[in-house]
Amino acid sequence: MRDFFIPFIQGALRSAGIETDKEIQIEKPNDKKFGDFSTNIAFLLAKELKTNPRELAGKLIGLMSFPESTVVKIEVAGPGFVNFHLDPAFVMRSAREVLVSGDSFGRRSVGEGQKAIVEYVSANPTGPLTVGRGRGGVLGDCIANLLATQGYEVTREYYFNDAGRQMQILAESVRFRYLERCGLSVEFPQTHYQGDYIRDIAETLFIEHGDELANSEGLSLFKETAEGIIFASIRKTLSRLSINHDSFFNEHTLYQSGDNGTSPNQSVIDALDAKGFISRHENATWFMTTRLGQEKDKVLIKSTGDPSYRLPDIAYHVTKFERGYSLIVNIFGADHIDEYPDVAEALKILGYDTERIRVAINQFVTTTVGGQTIKMSTRKGNADLLDDLIDEVGADATRLFFIMRSKDSHLNFDIDLAKRQSKDNPVFYLQYAHARICSLLRMASKEFGFDADAAKGDSLEVLVEPVEIELASALLDYPEVIQSCLRFLEPQKMVEYLHGIAELYHKFYQECPILKADEQMRTGRLELSICVRQVLRNGFALLGISAPESM
RNA sequence: GUGCCCGUAGCUCAAUGGAUAGAGCAUCAGCCUUCUAAGCUGAGGGUUACAGGUUCGAGUCCUGUCGGGCAUACCA
């Protein structure tokens, strides 16, 4: 809807002989007395034109003319806002687009022909997913969904490492538990994974092999078994939340030589070396980040000869560019906050355009039960598990709670609140609105033979109640909400928006009789209801929550 | 110590640099012989942690102070 105004404002600017590259901002005033839309363009230009905003605004509205029955009033208000008042019939006519576009309402083609990659979760298979990981997972998944609506060809990728030190500790942990299971007395180190799932894996091995592994020193069977079981459980947990990656990138491939005889890791070292950013001392290979103003250099290859996590991280990102992605989105937890800057610096040195990369860092999740905070740690085995959370509150509530807050804020996941099957739970509020419409349409079909699938929106224009106009106008904001979510990588704005739609619908439902109205009015209100249902459905799909037809 | 995030109603949180800072919960007062009351209407509740600055305009941007979280590894 905002786009509607742009050409007219540009036209007025041209007529006034004003050239500017300033972005024309259209906003929806909070207070309706300021019109349906407004622009602050006069403020933005007043300074460089050495005039006052009110005067400029007055001049501009004199140069704007809108088609019949679209904008009914333009006025200058306050210190220089230009406010537009729409013809309600224009709003209702426009709302037909929701019906016409259906499931693709809100879609755009701006990303057409471009590949985007979203990397999220990326937990190493050392244990079951914790609640904290879920937040990044849902955030990444929603961002991928949002990008897909804009025409991007989206890859959802999971990056993992099954070769590092943590996996070694995992294998040893399983072996200790296995030896215990064989009846041998061993001391389980505090540094190792304490969780019960280690015992379960050991039990699996014991059932399959009895105690015949007790004397072998090799760890590979322990590691492979653990990895297989844990990875399967991670993927199962994710799929419960409708998170399904289509690419799993194993860090190990970065160690293997390609066609040119060098590994991606080695290529990074060589390239950085050529630029003079590599030094070798103390038996290690260093990335000279001090040349970039940092306090210390960073180790890329340890004195053991193994790369530190930084090197494959850089090499991994190189592959994202080399695989042809024009948009690269990374979702990290706050604990990895120091990881990305070094990667970005290295990529810049190697000549890659880091502007294509967008990083979303989500803050931590604390869960509270009965007002008490649970601290989490995978190593100590007292983590609150994502699976347990889903068991308790359901997949829809889990997803919604994870994204209903800004990623920059700590999330306080109140399990008691989410568990309550009552109006306190925001997911019910949204879903109830959808179910209510479905029920209404079922009844309309039964009583009047109303065919929702055949509705074209021809009767929308008979609607004149303020709440009806407001609702239709709000529905038309949906495409812009998607763009806003992407601009800030904040799907939470969609939750807020849908909540507002649900609220307006409930109000409309309360104030306006639908099935009891005369035929024309009834049809118009049913059509508006279908529009609402469509926007809710589309929004729910982006957020990955279900749209129940009855509750 | 340094870097990043946060500090907004009793609680959990919103608010592209815009006009009188908004929702939900909780509290209080109303609305079902009427399409789903899992709903709606209304009321109370604020020096946006504090002090400066930038400008037509600051919760938002800049500087500093205080408070909380995270990170500061040859772990990932």
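Labels below follow one simple rule: chain letters A, B, ... track the order of the sequence lines, proteins then strands, and each chain is numbered from 1. Note that this is a predicted model, so its numbers are computed, not measured. Note that these values count all heavy atoms, side chains included, but never hydrogens, waters or copies made by symmetry.
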Using the C1' atom on both, measure B:G17 against B:A9 and round to a whole Å. 24 Å

For a quick check of understanding: with a heavy-atom distance under 4.0 Å over all strands, which category does A:Glu511 fall into, base, sugar-phosphate or nothing? nothing

B:A15, OP1 or OP2 - any side-chain N/O from A:Asn30 closer than 4.0 Å? no

Check whether any side-chain nitrogen or oxygen of A:Lys302 sits under 4.0 Å from OP1 or OP2 of B:A76, and answer yes or no. yes

Distance between P atoms of B:A37 and B:A19 (Å, rounded): 36 Å

Using atom P of each nucleotide, how far apart are B:G22 and B:U16 to the nearest Å? 14 Å

Map A:Lys296 and A:Gln363 onto RNA chain B by nearest heavy atom, then report which one ends up closer to the 5' terminus. A:Gln363

Can you tell me if A:Tyr429 touches the phosphate of B:C40, counting only side-chain N or O atoms and a distance under 4.0 Å to OP1 or OP2? yes

Sub-4.5 Å side-chain heavy-atom contact between A:Thr398 and A:Leu386: yes

For A:Glu295, report the nucleic acid contact type (base, sugar-phosphate, nothing); a contact means any heavy atom under 4.0 Å. nothing

Taking the P atom in each of B:C5 and B:U27, what is the distance between them to the nearest angstrom? 38 Å

How is A:Ser409 classified with respect to the nucleic acid when contacts are heavy atoms under 4.0 Å: base, sugar-phosphate, or nothing? sugar-phosphate

Looking at every strand, decide which applies to A:Lys298 at a 4.0 Å heavy-atom threshold: base, sugar-phosphate, or nothing. nothing

In whole Å, measure the gap between the C1' atoms of B:C4 and B:C40 for me. 44 Å

Counting any heavy atom closer than 4.0 Å, what does A:Cys512 reach on the DNA or RNA strands: base, sugar-phosphate only, or nothing? base

Kindly determine whether A:Val82 and A:Ile9 satisfy side chain to side chain contact (heavy atoms under 4.5 Å, CB included), including the steps that lead there. CA-CA 10 Å; A:Val82 176; A:Ile9 296 169; over 6 Å; no

Could you measure between the two C1' atoms, the one in B:G59 and the one in B:U72, and give it in whole Å? 30 Å

Which part of the nucleic acid does A:Ile26 contact within heavy-atom distance under 4.0 Å: base, sugar-phosphate only, or nothing? base

Could you tell me whether the phosphate oxygens of B:A15, OP1 or OP2, come under 4.0 Å of any side-chain nitrogen or oxygen in A:Lys493? yes

Looking at every strand, decide which applies to A:Ala433 at a 4.0 Å heavy-atom threshold: base, sugar-phosphate, or nothing. nothing

Is A:Met443 touching bases, backbone alone, or none of the nucleic acid, heavy atoms closer than 4.0 Å? sugar-phosphate

Is_stacked (A:Phe43, B:G57) at 5.5 Å, 30 deg: no

Minimum-distance nucleotide to A:Met551 side chain [options: B:U16, B:A71, B:A38]: B:A38

Expressed as a whole number of angstroms, how long is the span from A:Asp306:CG to B:A76:C1'? 14 Å

Aromatic ring of A:Phe81 stacked on base six-ring of B:A19, 5.5 Å, 30°: yes

Select base, sugar-phosphate, or nothing to describe what A:Glu282 touches, counting heavy atoms under 4.0 Å on all strands. base

Is A:Asp408 touching bases, backbone alone, or none of the nucleic acid, heavy atoms closer than 4.0 Å? sugar-phosphate

A:Ser406 near the nucleic acid: base, sugar-phosphate alone, or nothing, with a heavy-atom cut-off under 4.0 Å? sugar-phosphate

Within the 4.0 Å heavy-atom criterion, would you say A:Ser484 contacts the bases, only the backbone, or no part of the nucleic acid? nothing

Say you pick atom C1' in B:A58 and the same atom in B:G1; how far apart are they, in whole Å? 31 Å

